[in-house]
Number of protein chains: 2
Amino acid sequence: MTPPPAPPRRASPSTVRRLSLYLRALDTLAAEGVGTVSSQGLAERSGTTPAQVRKDLSLFGSFGRRGMGYEVPDLLHRVRAILGLDRRWPVALVGAGRIGSALFAYPLFRERGFEIRAVFDNDPAKIGSCREGLEVRPVTELPCLIRERGIEIGIITVPAHAAQAIATVLVESGVRGILNFAPTRLHLPPEIEVNEVSLSMELEALSFALAARERP
Amino acid sequence: MTPPPAPPRRASPSTVRRLSLYLRALDTLAAEGVGTVSSQGLAERSGTTPAQVRKDLSLFGSFGRRGMGYEVPDLLHRVRAILGLDRRWPVALVGAGRIGSALFAYPLFRERGFEIRAVFDNDPAKIGSCREGLEVRPVTELPCLIRERGIEIGIITVPAHAAQAIATVLVESGVRGILNFAPTRLHLPPEIEVNEVSLSMELEALSFALAARERP
DNA sequence: CGGGGCTTGTGAAAAAGTTCACAAGCCCCG
DNA sequence: CGGGGCTTGTGAACTTTTTCACAAGCCCCG
Ligand SMILES: NC(=O)c1ccc[n+]([C@@H]2O[C@H](COP(=O)([O-])OP(=O)(O)OC[C@H]3O[C@@H](n4cnc5c(N)ncnc54)[C@H](O)[C@@H]3O)[C@@H](O)[C@H]2O)c1
Ligand SMILES: NC(=O)c1ccc[n+]([C@@H]2O[C@H](COP(=O)([O-])OP(=O)(O)OC[C@H]3O[C@@H](n4cnc5c(N)ncnc54)[C@H](O)[C@@H]3O)[C@@H](O)[C@H]2O)c1
């Protein structure tokens with residue numbers, strides 16, 4: 001009656017996080033001209049264990065040579081492909097405020113293939129102004145431009161009270177993934193990928209750890 | 001020979017994350033004037049399950065009444081205390097660039113008890129300028145001011161190549177917890193709490209999920 | 001004042017994730 | 001061309017985290 005043992009051959013969120021770390025480490029190694037790296041070496045540079053590195057990678061194939069380790073350029077390419085970074089991702093940014101502008105100006109995103117192709121705001125003072133060559137457009141144009149420019153990922157950097165409405169419009173316009181900086185839980189259809197970034201949460205984790213250390 | 005069953009009565013990182021979510025939900029409930037909430041209600045508002053809510057809270061005590069649920073103001077206070085938010089945390093910000101300035105201007109941190117009491121940079125054009133009433137100081141004054149102002153948490157928003165040196169100085173000056181926005185792994189003594197925020201990683205997780213969905 | 005309807009707190013079971021341990025494989029050297 | 005030294009890939013053991021399930025407890029109503 002119980003369905004077989006279940007075939008869950010999927011990467012856990014922690015594996016995905018670590019893959020990003022491996023990618024960062026591999027970028028550095030490649031820049032240093034290192035040709036080959038062992039699971040040991042990768043583990044040291046990404047703060048995990050050799051067994052973990054091998055397990056993570058083995059979910060997607062066998063990329064190493066026994067006795068030798070992994071070839072840096074090859075593995076770099078593989079990990080990029082696994083993470084879906086072997087293509088460009090057109091991105092829209094909604095909310096050209098403080099954090100939105102900071103993100104927009106951040107060059108590393110583009111290097112990784114994330115291309116901000118539209119910026120929206122509803123403040124007349126901001127609309128029409130330029131951010132690094134791209135003009136801030138009114139939110140009313142959002143559906144049209146998202147479709148036109150084939151945008152698949154939206155970054156939300158508007159105040160919390162406006163986030164849900166923006167998210168809904170983004171999804172209706174064809175966006176499949178959302179990175180949300182506003183401190184609200186978004187209600188969206190389950191096929192939409194949502195990733196929340198909460199800086200308060202990060203500080204609170206620190207505060208918890210420091211406070212816990214003081215009184216056990 | 002194996003030490004007893006082991007008494008690991010500590011909250012896992014995921015529990016801590018969820019506590020932050022509960023806190024956010026409780027804030028909203030309190031603002032709405034709701035007097036009482038069940039684990040069910042909290043779960044819905046924080047995207048988890050009732051059993052998980054109860055397990056998480058039970059790590060720290062019994063705060064509810066059977067048949068009734070939890071009293072919102074009481075639980076709010078308890079969760080704040082658990083997270084170490086029943087006090088002020090003096091914070092220093094190093095790197096008054098784009099993301100640093102955005103963080104500095106963000107009012108929610110202060111509301112949660114995180115008080116930015118010093119801002120540092122090494123760019124002469126920025127030193128001496130003011131951010132919301134606080135003057136940007138040169139990094140050379142960092143050790144002295146950190147000690148003087150009793151700062152325990154440092155936020156690093158300098159370029160990656162400068163992050164390790166800043167982190168080391170912060171720790172030598174007495175900081176016990178660090179929130180690092182620079183994309184580098186920091187090497188610090190184990191008693192220092194370090195929390196990395198990597199926005200690339202968040203985007204990459206999205207990209208992975210969207211790409212995976214396309215070719216199963 | 002006792003029974004019914006809910007909801008908590010918590011062991012026990014299940015699932016998920018990590019570490020272990022080792023056979024299989026590769027390269028180099030003699 | 002065969003042996004030694006390393007390192008991968010991977011089942012199996014172990015650990016941690018989540019889910020389940022239910023007794024214990026509280027309140028309200030009749
Ligand atoms: N600044 C930070 O460090 C920080 C940290 C964590 C989270 N956040 C969150 O990020 C979001 C933005 O924060 P910020 O500090 O950049 O605020 P901000 O006020 O500087 O920027 C918000 C921008 O959104 C625009 N906006 C408001 N309503 C809009 C709407 N309905 N449609 C389109 N645009 C709209 C505003 O015109 C403004 O330009 C907030 O939800 C905040 O909680 C900010
Ligand atoms: N902007 C973003 O959206 C974003 C996103 C993710 C991560 N980050 C990371 O955050 C960090 C800062 O990014 P940013 O965009 O704010 O860059 P930025 O160049 O705007 O700001 C960096 C600031 O650090 C100062 N600085 C440089 N070296 C210093 C030193 N040795 N001591 C003290 N101050 C020094 C500079 O003067 C500048 O004011 C970088 O590590 C970046 O990778 C930024």
Side-chain angles (χ1 to χ4, degrees), chain A residues 1-22 26 29 34-72 74-75 78-79 82 205, chain B residues 1-22 25-26 29 34-72 74-75 78-79 82 205 208:
Chain A
M1 194 68 355
T2 38
R9 269 271 144 273
R10 215 169 101 262
S12 68
S14 6
T15 294
V16 179
R17 272 189 79 78
R18 285 192 300 265
L19 285 169
S20 281
L21 292 174
Y22 303 155
L26 287 165
L29 287 165
V34 177
T36 242
V37 67
S38 64
S39 56
Q40 173 80 242
L42 259 186
E44 273 162 18
R45 286 157 188 270
S46 13
T48 179
T49 64
Q52 187 74 77
V53 171
R54 298 201 296 274
K55 252 280 147 53
D56 287 338
L57 294 177
S58 77
L59 283 175
F60 303 95
S62 339
F63 309 134
R65 265 180 312 167
R66 300 177 184 218
M68 293 284 93
Y70 304 86
E71 271 185 54
V72 172
D74 174 62
L75 191 57
R78 304 274 203 166
V79 173
I82 292 167
Chain B
M1 195 65 359
T2 38
R9 268 277 145 270
R10 215 168 102 261
S12 69
S14 6
T15 294
V16 179
R17 271 189 79 78
R18 284 192 300 266
L19 286 168
S20 281
L21 292 174
Y22 304 155
L26 287 165
L29 287 166
V34 177
T36 241
V37 67
S38 64
S39 55
Q40 172 80 242
L42 258 187
E44 272 161 19
R45 286 156 188 271
S46 15
T48 181
T49 64
Q52 187 73 81
V53 170
R54 299 200 297 274
K55 252 277 145 60
D56 286 338
L57 295 176
S58 77
L59 283 174
F60 303 95
S62 334
F63 309 134
R65 264 181 312 167
R66 301 178 183 216
M68 291 285 93
Y70 304 87
E71 270 185 55
V72 171
D74 174 61
L75 190 57
R78 304 275 202 164
V79 173
I82 291 167
F208 173 82

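Worth knowing before you read on, the calculation uses all heavy atoms, side chains too, and leaves out hydrogens, waters and symmetry mates.
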Do any of residues 47-56 of chain B sit with a heavy atom less than 4.0 Å from DNA chain C, and if so which? B:Arg54, B:Lys55

Please give me the minimum heavy-atom distance between A:Leu29 and A:Arg45, naming the atom from each residue. CD2-CZ, 3.3 Å

When the distance from CG of A:Leu59 to P of D:dG11 is rounded to whole Å, what number comes out? 12 Å

Closest non-hydrogen atom pair, A:Ser39 against A:Arg54: OG-NH1, 3.1 Å

Show me, range against range, the stems involving DNA chain D, built from at least 3 consecutive Watson-Crick or G-U pairs below 3.5 Å. C:1-30 with D:1-30

How close do B:Leu42 and B:Ala25 get, counting heavy atoms only, and between which atoms? CD2-CB, 3.9 Å

Could you check A:Val37, A:Thr48, A:Leu75 and say which one makes a side chain to side chain contact (heavy atoms under 4.5 Å, CB included) with A:Tyr22? A:Thr48

In this structure, how many angstroms lie between the C1' atom of D:dT8 and the CG atom of A:Leu75, rounded? 12 Å

Value for CG (B:Leu59) from NZ (B:Lys55), rounded to nearest 0.5 Å, stands at 8.5 Å

Work out which heavy atom in B:Thr49 is nearest to a heavy atom in B:Ala43; give both atom names and the distance. C-CB, 3.4 Å

Are the side chains of A:Leu26 and A:Tyr70 in touch, meaning some heavy atoms are under 4.5 Å apart? no

Does any part of the side chain of B:Leu57, heavy atoms only, come nearer than 4.5 Å to the side chain of B:Arg78, both counted from C-beta? no

Whole-Å distance, A:Gln40 CD to C:dA21 C1', equals 16 Å

Euclidean distance, atom CG of residue B:Leu57 to atom C1' of C:dT10 [Å, nearest integer]: 13 Å

Nucleic acid contacts - residues 64-71 of chain B versus DNA chain D, non-hydrogen atoms under 4.0 Å: B:Arg65, B:Arg66, B:Gly67, B:Met68

Nearest 0.5 Å please: distance from the CG atom of A:Asp56 over to the OG atom of A:Ser12. 7.0 Å

Mind calculating the distance between CG (B:Leu19) and C1' (D:dT17) to the nearest angstrom? 15 Å

Looking at B:Ser39, does any N or O in its side chain come under 4.0 Å of the phosphate oxygens OP1/OP2 on C:dT8? yes

Taking only the side-chain nitrogens and oxygens of B:Ser14, find out if one of them lies under 4.0 Å from OP1 or OP2 of D:dT18. yes

Got B:Arg18 and B:Ser14 here, is their nearest side-chain heavy-atom distance under 4.5 Å? yes

Could you give the CZ-to-C1' distance, from A:Arg10 to C:dA16, as a whole number of Å? 12 Å

Atom CG of A:Leu42 and atom P of D:dG9: how far apart are they, to the nearest Å? 12 Å

Looking only at non-hydrogen atoms, find the nearest pair between B:Ala11 and B:Val16 and report the distance. CB-CG2, 4.2 Å

